[in-house]
2 protein chains.
Amino acid sequence: MVEHVVHGKEERPYGWALQRLRTAKLRPTRQRLALARLLFSGCDRHVTAEVLHGEALTQGIRVSLATIYNSLHQFTEAGLLRQVVVDGARTYFDTNVGDHHHFFIEEDGVLLDIPGSGIAVSGLPEAPEGCTQGRIDVIVRVNRRA
Amino acid sequence: MVEHVVHGKEERPYGWALQRLRTAKLRPTRQRLALARLLFSGCDRHVTAEVLHGEALTQGIRVSLATIYNSLHQFTEAGLLRQVVVDGARTYFDTNVGDHHHFFIEEDGVLLDIPGSGIAVSGLPEAPEGCTQGRIDVIVRVNRRA
DNA sequence: GTGATTGCAAATCTTTTGCACTAAA
DNA sequence: TTTAGTGCAAAAGATTTGCAATCAC
């Protein structure tokens with residue numbers, strides 16, 4: 001049994017998912033561990049509940065869709081994931097919780113990260129009366145060329 | 001019977017909705033005319049299908065929800081409305097089709113326009129390989145202060 | 001054990017669809 | 001007429017919920 005899984009350029013100890021769940025005060029159940037590994041072991045990704053579920057089943061991980069939804073929301077609350085809204089039809093969860101924005105390819109519902117460094121939104125008025133400013137989402141919609 | 005309806009600072013001839021529908025090549029039916037008046041007679045607004053439907057019923061306009069959805073999409077295709085996605089739960093339609101962005105008050109699902117003039121997004125990379133850039137949406141999420 | 005978590009199936013909610021009926025041109 | 005548009009009720013999707021069974025501690 002391998003002791004590490006590769007993550008982009010760096011490696012992550014196998015017990016990494018366990019640590020993250022513990023830190024997030026989420027009981028490391030079989031399902032949550034498996035999902036955490038699916039989500040965080042590779043490069044950054046954008047998943048929908050349906051896609052993640054399919055992936056889990058493919059890899060022989062038995063999880064119900066309800067648990068997928070629960071976990072995605074719990075991970076999001078814990079700051080391990082970020083929700084991205086681009087398309088009324090489905091919700092995307094992004095493993096990249098850092099500062100960045102998105103390209104959205106409308107034809108095939110694909111999201112691509114745009115690193116946040118370098119991007120600036122200027123000329124914004126201040127938040128409306130009685131409101132605190134939160135996250136700024138920039139979505140650049142793009143279309144496949146004919 | 002008044003001959004004009006007020007629209008912000010300017011006035012609009014009563015037959016205005018009719019004109020818009022004709023121009024958009026949409027048959028001016030009783031329902032579409034009524035909805036066009038509800039949508040375009042006052043200030044710019046952000047409506048959901050449900051809200052528009054309720055409003056129509058309140059004013060004694062008999063329309064089915066299916067027709068509301070049909071009309072909202074037809075108006076959007078005709079460029080009279082613009083769809084705004086901020087919240088996976090429902091779709092908003094904006095009567096302001098000009099260049100602008102939005103504040104979104106998460107607590108109560110309210111959208112506010114931010115005039116586009118003056119706002120600039122700098123540092124964007126070019127669209128991904130084989131793609132043409134479309135609209136850029138900037139959503140500033142804000143929260144009610146305690 | 002005990003309380004948190006899971007799975008299932010049913011429920012909910014928004015949006016879409018099929019089709020007979022009605023109205024505009 | 002002729003064809004587009006409407007309403008209804010059913011269907012479709014995505015997501016949530018209730019609750020008994022199961023698991024982590």
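The figures that follow rest on heavy atoms only: side chains count, while hydrogens, waters and symmetry mates do not. Chain letters run A, B, ... following the sequence lines, proteins first and then strands; every chain starts at 1.
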Visitor: For Leu35(B) and dG7(D), give me the distance from atom CG to atom P, rounded to whole Å.
Guide: 9 Å
Visitor: Flag the pair Arg141(B) / Ile136(A) as yes when at least one side-chain heavy-atom distance between them is below 4.5 Å, and no otherwise.
Guide: no
Visitor: Between Ile68(B) (CD1) and dG5(D) (P), how many Å, whole number?
Guide: 16 Å
Visitor: Answer yes or no: does a side-chain N or O of Arg62(B) lie under 4.0 Å from OP1 or OP2 of dT6(D)?
Guide: no
Visitor: Kindly point out which of dG7(D), dC8(C), dA25(C) is positioned nearest to the side chain of Pro28(B)?
Guide: dA25(C)
Visitor: Rounding to an integer number of Å, can you tell me how far Glu50(A) CD sits from dG13(D) P?
Guide: 11 Å
Visitor: Send over the distance from Lys25(B) NZ to dA25(C) C1', rounded to a whole Å.
Guide: 15 Å
Visitor: Return no unless some side-chain N or O of His73(B) is found under 4.0 Å from OP1 or OP2 of dT16(C).
Guide: yes
Visitor: Does Thr91(A) have a side-chain nitrogen or oxygen under 4.0 Å from the phosphate oxygens OP1 or OP2 of dT15(D)?
Guide: yes
Visitor: It should be established whether Tyr69(B) places a side-chain nitrogen or oxygen under 4.0 Å from OP1 or OP2 of nucleotide dT15(C).
Guide: yes
Visitor: Measure from NZ or CZ of Arg20(B) to the centre of the six-membered ring of Phe40(B), then state whether that distance is under 6.0 Å and the direction lies within 45° of the axis.
Guide: yes
Visitor: Contact class for Arg27(A) (heavy atom, under 4.0 Å): base, sugar-phosphate, or nothing?
Guide: base
Visitor: Rounded to whole angstroms, how far apart are CG on Leu72(B) and P on dG5(D)?
Guide: 15 Å
Visitor: Does the separation of the ring centres of Tyr92(B) and His102(B) fall below 6.0 angstrom?
Guide: no
Visitor: Where each residue is assigned the nucleotide of DNA chain C containing its nearest heavy atom, which of Arg90(B) and Arg30(B) is assigned the position nearer the 5′ end?
Guide: Arg90(B)
Visitor: Return no unless some side-chain N or O of Gln31(A) is found under 4.0 Å from OP1 or OP2 of dG7(C).
Guide: yes
Visitor: Is the number of heavy atoms from other residues, nucleotides or ligands under 6.0 Å of Arg30(A) CZ greater than 12?
Guide: yes
Visitor: Output the single nucleotide from dA9(D), dT15(D), dA25(C) whose closest atom is nearest the side chain of Ala49(A).
Guide: dT15(D)
Visitor: Apply the side chain to side chain donor-acceptor pair (under 3.5 Å) test between His46(A) and each candidate in Thr95(A), Asn96(A), Asp94(A); give the one that qualifies.
Guide: Asp94(A)
Visitor: Rounding to an integer number of Å, can you tell me how far Asn70(B) CG sits from dT14(C) P?
Guide: 18 Å
Visitor: For Ile61(A) and dG7(C), give me the distance from atom CD1 to atom C1', rounded to whole Å.
Guide: 16 Å
Visitor: On the nucleotide dG7(C), are OP1 or OP2 found under 4.0 Å from the side-chain N or O atoms that Thr67(A) carries?
Guide: yes
Visitor: So, does Arg32(B) get its side chain near the phosphate of dG5(D), meaning an N or O under 4.0 Å from OP1 or OP2?
Guide: yes
Visitor: Return the value, rounded to whole Å, for the distance between atom CG of Leu57(B) and atom C1' of dG7(D).
Guide: 13 Å
Visitor: Taking 4.0 Å as the cut-off, does a side-chain nitrogen or oxygen of Thr29(B) come that near to OP1 or OP2 on dT6(D)?
Guide: yes
